[in-house]
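All remarks here apply to the structure that follows.
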Amino acid sequence: MTEHGDRNLPIEEMRDRYRIEREKRMRPEGLGQYAELAGDFEDLDVDTFVEPGFTRDPIVEETQVVIVGGGFAGMLTAIDLTKLGMRDFRLVEKAGDFGGTWYWNRYPGCMCDVESYTYLPLLEETGYMPTEKYASAPEIFGYCQLLGRTFDLYPHALFQTVITGAEWDAGTERWIVTTSRGDRLASKFVVVAGGILHKPKLPGIPGIRGFGGRMFHTSHWDYSYTGGSPTEPMDELADKRVGIVGTGATAVQAIPQLARAAKELYVFQRTPSAVGERNNGPTDEAWFRSQPPGWQAERIENFTNAVTGRQPERNLVGDGWTEVMWVNTQQAPEDPEVAAALERSDFETMQKLRGRVDAIVEDPETAAKLKPWYGKNCKRVCFHDDYLPAFNRPNVHLVDTDGRGVDAVTPTGAVVDGVEYPLDCLIFASGFEVNTDYEGRVGFDPVGRDGVALSERWSQGARTLHGVLADGFPNFCIISFLQAGFGTNFVHFLSKSAEHVADLIVRCEREGIATIEASPEGEDDWLMVLYGTVAGVAAYSTTCTPSYYNSEHGPIDAKRARNLVYAESLLDYAGHLERWRATDNLPGTKITRVGTSA
Ligand code: NDP
């Protein structure tokens with residue numbers, strides 16, 4: 001055994017190992033194995049970050065744009081509208097402030113795994129210098145508030161307000177949007193900028209409801225129980241036995257903090273994460289201040305190119321992400337030699353990450369269980385310097401379930417392989433809904449032309465132009481990865497989408513367009529474009545362990561065949577949007593002009 005463990009394993013054997021590990025994890029229920037936090041566990045779906053008892057009078061008003069969601073997507077849409085001279089918009093947000101994912105995720109150790117100089121948008125405009133290369137969640141949340149103040153968004157926001165309905169009124173050509181606070185907003189446009197990684201899910205483990213200790217999801221961290229705060233140690237856990245279910249990107253960040261605070265920590269693992277080196281550090285102020293105008297856009301693009309295997313001339317970010325993703329192993333080259341080289345490169349990258357476990361984790365049995373046996377694009381690779389060392393602590397116990405997951409939860413603990421682990425607290429780092437029905441994720445079912453609901457229109461899968469416009473839903477813009485782009489730096493995608501939507505809205509105003517929606521032909525053509533991008537990813541995905549990336553390997557039915565993403569580079573997706581905006585006639589849409597009827 002070398003530092004890199006079994007690096008010399010022949011490819012055939014590796015393939016076989018991946019298959020065996022994948023098969024252990026296949027579950028016939030697919031996405032059905034999870035329970036919803038909202039609905040199934042309403043008592044856990046409470047916003048503990050606001051003072052209870054907030055009330056306000058209902059608002060009845062006309063506005064040009066209702067933006068649903070106050071995370072980066074909603075804020076950037078509002079900011080882009082502002083820059084284009086439009087200020088007549090309302091932002092409606094369930095939470096008590098801006099921030100979206102960075103409002104909710106306050107678990108200890110939460111940070112962004114993408115470099116802050118490329119992740120935080122508009123740094124040149126705000127003049128803000130991130131304190132570290134990888135910013136912590138409180139800093140990012142603070143930055144969202146700074147954006148809100150800088151662009152004067154707060155007066156436009158309705159916080160602690162949930163959209164309950166949106167219905168197109170053909171007579172007035174307005175959306176009638178209703179909310180949980182009794183508001184009635186009549187608007188020309190609706191932009192749904194939410195529902196991406198926002199709806200927590202819990203594993204449907206037998207007995208989970210009956211747990212007698214404290215339990216919560218990582219996105220609703222209960223500091224009243226753990227003590228401490230996102231920046232202070234959780235001093236109430238010193239005498240507690242804590243269990244955490246899940247070892248994904250969230251858990252990798254939370255576990256080192258829990259390991260320091262808890263009397264005993266039990267980590268229930270179904271599939272190990274690949275965890276590379278982080279190397280965080282303070283921002284070099286002289287370097288940051290010396291950047292020339294336009295540096296951030298260049299850096300953002302450079303990063304996206306580097307992590308999609310486009311290998312820019314200079315690797316500006318030069319971190320774990322760019323190193324791991326420098327070669328795009330998801331391509332489907334026709335040349336078998338090229339395909340074999342890509343496969344080898346992927347195995348080697350993962351071998352390096354597996355070797356890192358051997359180098360750090362002292363107990364060989366624990367180290368063996370922490371090794372990920374799947375390709376580098378199967379799950380989000382993690383980067384953390386304290387995660388693997390946490391397993392060297394005597395109070396941290398890895399309970400590996402060999403791919404099965406936790407068997408049962410009892411009133412006093414969790415059961416794996418016939419052994420009950422007694423717990424005072426059970427934390428679910430079990431992720432978020434991703435590929436479930438769109439209207440379920442955004443929390444309301446828009447009703448478009450002729451009273452047809454989105455759930456009905458999309459009953460056989462999504463139909464959109466660019467993932468943004470939909471037939472039957474005039475002036476309704478969607479920002480979501482469904483039939484749209486995505487990327488490692490998700491805010492890069494959101495920035496491109498927000499820019500597109502704001503431009504579209506303002507253009508309609510300028511050109512006297514009363515309504516715009518996708519045409520059925522436009523939707524069909526876009527679907528063909530999407531299909532043209534998926535071959536490599538689809539083939540690669542079949543070799544992967546189940547996860548939300550591949551809808552837990554659920555059946556490929558009519559819905560799933562349409563509910564896909566633009567699988568090539570985000571920059572190519574953005575190129576489609578830009579070329580479309582540059583046209584005179586906005587192809588693939590149905591348009592009515594002011595003064596004419598539909
Ligand atoms: P994930 O969906 O990635 O992980 C959920 C975890 O719960 C997995 O380890 C899963 O195991 C485990 N699990 C599910 N059911 C069971 C069960 N029955 N028994 C035991 N374990 C179970 O969620 P995360 O919240 O970790 O991450 C979601 C996404 O959020 C990331 O992919 C990323 O996009 C984003 N994120 C981004 C961060 C950033 O820094 N930018 C930080 C954190 C999250 P299995 O793998 O076997 O399914």
Side-chain angles (χ1 to χ4, degrees), residues 21-22 24-27 29-35 37 72 100-102 104-107 109-116 118-120 134-137 140 196-208 217-221 243-255 266-275 278 280 320-321 370 372-374 377-384 387 398-409 414-416 426-435 481 486-493 544-553:
E21 296 294 337
R22 176 175 67 251
K24 280 184 198 169
R25 291 167 174 79
M26 299 289 268
R27 294 173 70 131
E29 319 93 284
L31 292 172
Q33 67 182 282
Y34 293 102
L37 190 65
F72 273 129
T101 200
W102 301 105
W104 293 106
N105 285 286
R106 304 190 192 194
Y107 59 83
C110 184
M111 65 192 311
C112 186
D113 61 3
V114 171
E115 175 202 72
S116 50
T118 63
Y119 183 81
L120 295 179
Y134 301 94
S136 66
I140 302 174
I196 294 173
L197 275 171
H198 112 123
K199 202 171 167 195
K201 62 181 165 53
L202 292 180
I205 303 172
I208 186 172
H217 188 273
T218 45
S219 64
H220 289 61
W221 198 270
I244 182 164
V245 175
T247 47
T250 296
V252 163
Q253 297 179 342
I255 283 168
Y266 294 88
V267 178
F268 295 97
Q269 172 180 271
R270 190 163 73 175
T271 309
S273 277
V275 187
R278 178 69 307 173
N280 198 9
W321 270 121
L370 284 167
W373 292 98
Y374 46 81
N377 289 292
C378 292
K379 282 179 181 285
R380 193 172 178 94
V381 178
C382 304
F383 300 93
H384 209 289
Y387 176 71
L398 177 67
V399 184
D400 180 51
T401 65
D402 199 24
R404 279 196 329 278
V406 174
D407 294 325
V409 172
V415 180
V416 175
L426 186 51
I427 299 167
F428 292 98
S430 44
F432 302 85
E433 288 187 27
V434 177
N435 301 323
F481 52 77
F486 72 112
T488 301
N489 178 4
F490 209 67
V491 174
H492 188 189
F493 161 67
C544 284
T545 190
S547 76
Y548 76 78
Y549 277 29
N550 50 30
S551 299
E552 306 287 343
H553 277 309

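Residues: numbered from 1 along the sequence shown. As the structure is a prediction and not an experimental result, all values here were calculated from the model. Just so it is clear, the values below take in all heavy atoms, side chains as well, and ignore hydrogens, waters and symmetry mates. Whatever order the structure lists them in is the order used to number ligands and atoms, beginning at 1.
- Of the candidates C382, A429, G431, the one placing a heavy atom closest to atom 6 (C) of ligand 1 is A429.
- Screening T271, T545, D402 for a side-chain hydrogen bond (donor to acceptor under 3.5 Å, both in side chains) involving K24 leaves a single residue, D402.
- Close N/O approach between K379 and ligand 1 is found [any backbone or side-chain N/O within under 3.5 Å].
- Under a 4.0 angstrom heavy-atom cut-off, Y107 registers as being in contact with ligand 1.
- Nearest to atom 31 (C) of ligand 1 among the protein's heavy atoms is Y548 OH, 3.6 Å.
- Y374 and E21 are not linked by any side-chain donor-acceptor pair at a separation below 3.5 angstrom, with hydrogens and angles left out of the test.
- In this structure, atom 9 (O) of ligand 1 lies nearest to the protein heavy atom T247 N, 2.9 Å.
- Side chain of R380 to main chain of S273: no donor-acceptor pair is present (N/O by atom type, distance under 3.5 Å, no hydrogens or angles).
- Within the listing of ligand 1, atoms 15 (N), 16 (C), 17 (C), 18 (N) sit less than 4.0 angstrom from a heavy atom of P203.
- In terms of polar-atom proximity, S430 is not counted as a contact of ligand 1, lacking any N or O under 3.5 Å from an N or O of the ligand.
- A donor-acceptor distance shorter than 3.5 angstrom exists from the side chain of R25 to the backbone of R270, with no hydrogens or angles considered.
- Looking at V114 and H492, their side chains never come closer than 4.5 Å, going by heavy atoms from C-beta outward.
- Between M111 and ligand 1, at least one pair of N/O atoms sits closer than 3.5 Å.
- The proximity of F490 to ligand 1, defined as any non-hydrogen pair under 4.0 Å, does not occur for either the backbone or the side chain.
- In terms of protein heavy atoms, atom 24 (P) of ligand 1 is closest to T250 OG1, 3.3 Å.
- In terms of protein heavy-atom proximity, atom 47 (O) of ligand 1 is nearest to T271 OG1, 2.5 Å.
- Between P203 and V406 there is no side-chain heavy-atom pair separated by less than 4.5 Å.
- Of the options R380, K24, R404, Q253, the smallest heavy-atom separation from atom 42 (C) of ligand 1 is shown by Q253.
- For T401 (side chain) and Q269 (main-chain N/O), a donor-acceptor pair under 3.5 Å exists by modelled atom type.
- The nearest protein atom to atom 40 (O) of ligand 1, hydrogens excluded, is given as D113 N, 2.8 Å; this is a heavy-atom distance.
- Within the 4.5 Å cutoff, the side chain of V416 has no heavy atoms near those of the Y266 side chain.
- A donor-acceptor pair is defined here as one N or O able to donate and one able to accept, closer than 3.5 Å; such a pair exists between the side chain of W321 and the backbone of D113.
- The single protein non-hydrogen atom nearest to atom 35 (C) of ligand 1 is L197 CD1, 3.8 Å, given as residue, atom name and distance.
- Near G248, meaning under 4.0 Å from any of its heavy atoms, are these atoms of ligand 1: 4 (O), 9 (O), 26 (O).
- Within the 4.5 Å cutoff, the side chain of W104 has no heavy atoms near those of the H217 side chain.
- Taking any N or O of A249, backbone or side chain, at least one lies under 3.5 Å from an N or O belonging to ligand 1.
- Regarding atom 20 (C) of ligand 1, its nearest protein heavy-atom neighbour is V245 CG1, 3.5 Å.
- The nearest protein atom to atom 48 (O) of ligand 1, hydrogens excluded, is given as R270 NH2, 2.9 Å; this is a heavy-atom distance.
- At least one side-chain heavy atom of I427 sits under 4.5 Å from a side-chain heavy atom of W221.
- Within the structure, ligand 1 has V406 among the residues with a heavy atom less than 4.0 angstrom away.
- Considering only heavy atoms from C-beta on, F490 stays 4.5 Å or farther from F72 through its side chain.
- At a 4.0 Å cut-off, not a single heavy atom of Q269 sits close enough to ligand 1 to count as contact.
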